[in-house]
Structure formats: C-alpha cells, structure tokens
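Structure record follows, encoded as structure tokens.
Lettering of chains follows the sequences in order, A, B, ..., and the numbering in each one begins at 1.
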Protein chains: 2
Amino acid sequence: MTSSNNDPVKPEKSPRVFKPDTQKKRQEALKNKRNRIMSAALMLFSKHGVNGTTVEQIAEAGQVSKSNLLYYFASKEQLYIEVIQHLLDVWLSPLKSFEAHQDPIETLSDYIKVKLTLSRDHPAESKLFCMEVVQGAPLLLNELESPLCELVDAKVKVINSWIEQGKLLPVDPYHLIFSIWAITQHYADFNVQITAVTGNDLNQPEFFNRTLASVKQIILGGITPQPQG
Amino acid sequence: MTSSNNDPVKPEKSPRVFKPDTQKKRQEALKNKRNRIMSAALMLFSKHGVNGTTVEQIAEAGQVSKSNLLYYFASKEQLYIEVIQHLLDVWLSPLKSFEAHQDPIETLSDYIKVKLTLSRDHPAESKLFCMEVVQGAPLLLNELESPLCELVDAKVKVINSWIEQGKLLPVDPYHLIFSIWAITQHYADFNVQITAVTGNDLNQPEFFNRTLASVKQIILGGITPQPQG
DNA sequence: GTCTATAATATGATAGAC
DNA sequence: GTCTATCATATTATAGAC
C-alpha cells in the first residue's frame with residue numbers, strides 16, 4: 001500500500017512484492033472486491049429482481065468492468081446464488097436467540113425488536129429474501145428448508161413449554177412465529193406502501209419506536225397472561 | 001369466418017354473420033381472449049417476475065401465438081400495466097366493507113377472514129402485488145397512492161372512533177391495518193415457506209380454519225376490551 | 001385476426017492481448 | 001487480474017402475406 005504505485009482508480013490494488021504479507025493483502029483485496037460486487041448485486045437484485053438486473057449494472061455499481069466481474073464470478077447465476085446464500089446467515093441468526101428458561105414476553109419482545117431492527121437496517125436483504133420466497137424459492141428452498149424447519153421446531157417446543165407453564169396464553173406456536181415474521185418483515189418489504197400512507201419510515205427514530213410499541217402490543221397483547229386477581 | 005369455419009383449435013371464434021348479435025359475440029370473444037392472456041400473464045409474472053417471463057411463455061400459456069398476443073397488447077409492458085391495474089380492483093375492494101356503526105371485533109374479524117380468503121383464492125394476485133410493491137411499485141404507486149391513502153384514512157377514523165367509544169383498546173390504527181395486511185398476505189406470498197415448515201397450505205380446510213382462528217386471536221386478542229368485572 | 005419470417009436489440013459470456 | 005473486442009443467443013417487436 002505504501003509503494004510508489006499510486007493509481008487513484010484502484011488504490012487497494014498495489015501489492016508490494018517486497019512485503020511478506022503480500023499474499024494476505026492480495027486475498028483481502030480480492031475478498032473486498034467480491035464483497036463490493038455482492039453488495040452491489042444485492043442492492044440491484046432487491047430493487048429490480050434478478051432478471052431485471054444486468055451484469056453490467058452490477059459491475060458499474062460495484063465499480064468494476066463487466067468482464068472483470070465475470071472473472072470473479074463464473075456467471076450471473078453463480079453470483080446470485082452466492083448473494084442468496086450470504087443472505088441466510090443474516091436471516092437465520094436472530095431466531096437462534098430465544099430460550100426456554102427466559103421470560104416469554106421479554107424474549108418475544110426482544111425478538112420482535114431484533115427483527116424490526118433488521119428490517120430497518122437490512123431492507124435489501126429482506127426484500128430479496130421476500131422475492132425469492134414469493135417466486136417459489138427455486139434456489140433457496142433446498143438449503144433453507146432443513147435448517148429452517150429445525151430452528152422453527154425447536155422454537156415451537158419452547159413456546160409450547162411456556163404455554164404449559166402458564167407463562168403464555170394458549171396460541172398456535174407456528175402461527176405466532178409466522179405472524180411475527182410477517183409483520184416485522186412487512187415494514188421492510190412494503191416500506192414504499194407504508195411511506196405512501198403514513199409519510200414515515202423506520203429510519204425516523206420516533207416512527208421506529210412507535211411501530212415497535214404497536215407491533216409488540218398487537219402481537220403480545222393477546223397472549224400475555226393477565227395478573228391473577 | 002362464416003359458420004363453416006369449425007377450426008377445433010379455436011372453437012370460440014366462429015361468429016356467424018347471419019346472427020344479429022355477431023358484434024356482441026365478437027367483442028365477447030375478443031374480451032375472452034384478452035382475459036385469457038391476462039390471466040396467463042398474471043400467473044407467470046407472479047411466479048417468475050416480469051423480466052423472468054417472456055412473451056412467448058405467456059402466449060403459450062394463453063393458447064395464442066406470440067404475434068397474436070402482440071396484436072391484442074401493444075407491448076409486454078402494456079400487458080403488464082393492464083394486469084397490474086386489473087389487480088387493484090381485486091385488491092382494494094375488501095377494505096371498503098367496514099363501517100363505524102358495526103361492532104369493531106366482528107368487523108375486524110370479518111375483514112381478516114376476507115383477506116385470508118383472498119390469500120387462499122387469489123395467491124397470484126397477492127404475489128404479483130407483493131413483488132411490485134417490494135420493487136418500489138414503479139407503475140403502481142401513482143395509481144395506488146391516492147385511493148389507498150383515502151381508504152386507509154377513512155378506516156383509521158373508524159377505528160379511532162371505536163377506541164373513543166371504548167369498544168376497542170387503544171391501538172395505533174395504521175399499524176393495526178398494516179398488521180392485518182402483513183399477516184394475511186403472508187400466507188399467500190410466503191406459502192412456500194409455510195408449507196415447507198408446516199406441511200400444510202390454506203387449501204386444506206382444517207389448516208385454513210386453524211390459521212384464521214390463530215390470526216384472529218393474535219390480532220384481536222390484544223385489542224379486545226375485557227368485559228368489566 | 002392470424003400467421004410466418006425477420007428485424008433490432010440487449011445481454012450473458014468468452015477470447016485473447018497486455 | 002484487467003481490459004477491449006466479439007460471439008452467441010434470447011427476446012421484443014414489426015412487416016407483410018393470407
């Protein structure tokens with residue numbers, strides 16, 4: 001990076017053969033470029049769909065040439081697959097964080113907050129996931145189905161145990177989970193409609209907080225046991 | 001074109017010049033053909049997106065030739081626009097049916113049922129609407145925004161009046177409406193995921209009823225006033 | 001109104017120099 | 001690794017006969 005090569009167009013690409021960590025830097029640069037491309041692809045895919053996005057548009061947004069992009073990714077489909085797979089990491093993680101020994105209302109409340117925060121901070125991921133599933137998840141389903149079912153089944157058991165302990169009013173755990181997903185993701189996926197109707201979006205802190213409170217109230221209000229007496 | 005033309009491929013296209021209602025029949029046939037094409041387009045657009053669907057595929061599904069399709073619709077985009085516009089009729093109608101003088105829980109309950117029934121019986125419409133909005137509703141927004149806002153604002157007033165009368169616990173009306181939309185539409189749009197997780201879909205009557213009951217419980221449970229004492 | 005070419009273009013992907 | 005052609009193909013739309 002300190003070499004005499006100061007090409008302003010690609011400052012990250014000046015590996016010095018003298019340095020011992022050249023290999024590492026090279027790999028980093030490569031990784032960064034791939035990430036940049038994938039990030040650009042995610043954005044564009046989520047806005048215009050996969051088939052509505054050209055390789056050239058992605059290349060431009062990722063600040064590489066079209067053929068250079070195809071050097072890093074064998075094909076557009078391969079790029080799409082990698083973007084989708086990368087999505088799943090972001091997507092499945094929040095569900096892992098709720099456990100039976102915790103207070104159900106608090107746990108569900110946290111989960112709603114995490115999901116709504118995800119909708120605010122990663123709308124492109126939410127939208128692309130949405131479109132993929134809406135269209136039948138041709139790519140996603142094989143990879144998603146098994147881990148998703150396991151995760152959901154585990155959480156269903158947790159919810160059922162809460163109900164048995166009287167900590168939660170009786171409710172179908174599957175539909176409870178679906179409802180939380182549906183509502184929280186709706187604020188990302190349908191943000192255009194929401195903004196059209198309310199004039200607000202989740203990036204406005206007051207609106208975020210109001211939304212969070214309302215969603216909690218609606219979802220949790222019907223399943224919170226009343227204090228006896 | 002006279003009665004002797006019994007081409008079996010297109011049985012609906014045999015208008016007899018002798019009959020006085022030839023004009024009418026012709027227009028009907030034309031309308032039917034347009035409807036068939038639009039119906040095929042809706043199905044394919046909802047499955048593969050607009051850009052993932054070719055005119056030829058639509059033509060095949062609609063049982064017309066590609067060039068014949070382009071005789072009825074000036075362009076693919078024009079066809080798409082008409083499909084989307086046709087959607088709105090189906091889409092905005094159910095919201096019209098709730099009024100202030102009715103019982104709120106019953107009214108909201110009916111609305112949820114109507115919306116969930118729509119998800120069961122018109123999943124393609126739901127999905128295409130979803131994809132269009134997710135992608136920013138480039139076509140839809142101009143047409144949708146104004147009538148949607150009016151409708152929503154009117155319903156918000158109804159809900160607020162219910163709350164003032166103590167018939168409904170305090171809740172943000174906008175988020176209540178969004179939540180109902182989100183959950184009910186989720187069962188159409190994400191049906192692949194729901195089937196993957198539960199093994200069921202809304203076309204199974206038991207599952208439909210269980211879903212309806214759960215959604216009602218979750219949505220209405222938190223906003224139904226408790227009987228005093 | 002319907003069909004068979006065919007034009008016009010867009011786009012994914014490759015070849016080969018550097 | 002990156003670039004400049006360029007190929008190969010898919011696809012929208014049109015022209016013109018019937």
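- We find that CG of A/L70 is positioned 14 Å from C1' of D/dG1, with the value rounded to whole Å.
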Donor-acceptor contacts, no H, no angles, side chain residues 87-96 of chain B, under 3.5 Å, sequence neighbours left out:
| residue | atom | partner | partner atom | Å |
| --- | --- | --- | --- | --- |
| B/S93 | OG | B/D89 | O | 3.4 |
| B/S93 | OG | B/V90 | O | 3.2 |

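- B/K33 has a side-chain polar atom (N or O) that falls below the 4.0 Å cut-off from OP1 or OP2 of C/dT2.
- Listed for the A/S126 side chain is no donor-acceptor partner under 3.5 Å among the backbone atoms of A/D189.
- Across residues 75-87 of chain A, A/S75, A/K76 each have a non-hydrogen atom less than 4.0 Å from an atom of DNA chain C (numbered order).
- Note on B/R34 versus B/E82: salt bridge recorded, some NZ/NE/NH1/NH2 to OD/OE distance being below 4.0 Å.
- Regarding A/Q63, its CD atom lies at a distance of 17 Å from the C1' atom of D/dC3, rounded to whole Å.
- In this structure, the ring-ring contact (aromatic ring centres under 6.0 Å, His included) partners of B/Y80, at least two apart in sequence or on a different chain, are B/F45.
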Please output the side-chain donor-acceptor pairs of residues 204-212 of chain B that fall under 3.5 Å, not counting sequence neighbours, one pair per line with the distance.
| residue | atom | partner | partner atom | Å |
| --- | --- | --- | --- | --- |
| B/Q204 | OE1 | B/D201 | N | 2.9 |
| B/N209 | ND2 | B/P205 | O | 3.2 |
| B/T211 | OG1 | B/F207 | O | 2.7 |

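- Each of B/I218, B/V197, B/I183 was compared with A/F178 under the side chain to side chain contact (heavy atoms under 4.5 Å, CB included) criterion, and only B/V197 meets it.
- In this structure, NZ of B/K66 is placed 12 Å from P of D/dA10, rounded to the nearest angstrom.
- The distance between atom CZ of A/F73 and atom P of D/dG1, rounded to the nearest whole Å, is 13 Å.
- Taking atom CG of residue A/N32 and atom C1' of nucleotide D/dG1, one finds them 15 Å apart after rounding to whole Å.
- Closest contact between the side chain of B/S65 and the listed nucleotides C/dC3, C/dA13, D/dC3 involves C/dC3.
- Residues of residues 47-58 of chain B that place a heavy atom closer than 4.0 Å to DNA chain C do not occur.
- Of the listed residues (A/E125, A/E132, A/M38, A/Q78), just one forms a side chain to side chain contact (heavy atoms under 4.5 Å, CB included) with A/V83, and that residue is A/M38.
- Without hydrogens or angle criteria, A/S46 side chain to A/L42 main chain gives a donor-acceptor distance under 3.5 Å.
- Annotation: side-chain contact (heavy atoms from CB on, under 4.5 Å) contacts of B/M43 (sequence neighbours excluded): none.
- Atom CG of B/N68 is separated from atom P of D/dC18 by 19 Å (rounded to the nearest Å).
- Between B/L69 atom CG and D/dT11 atom P there is a gap of 15 Å when expressed in whole angstrom units.
- The side chain of B/Y71 places no N or O atom within less than 4.0 Å of a non-bridging phosphate oxygen (OP1 or OP2) of C/dT2.
- Protein atom OH of B/Y72 is 20 Å distant from nucleotide atom C1' of D/dT12, rounded to whole Å.
- Candidate nucleotides D/dT14, D/dT4, C/dA13 were compared by shortest atom distance to the side chain of B/S67, and D/dT14 ranks first.
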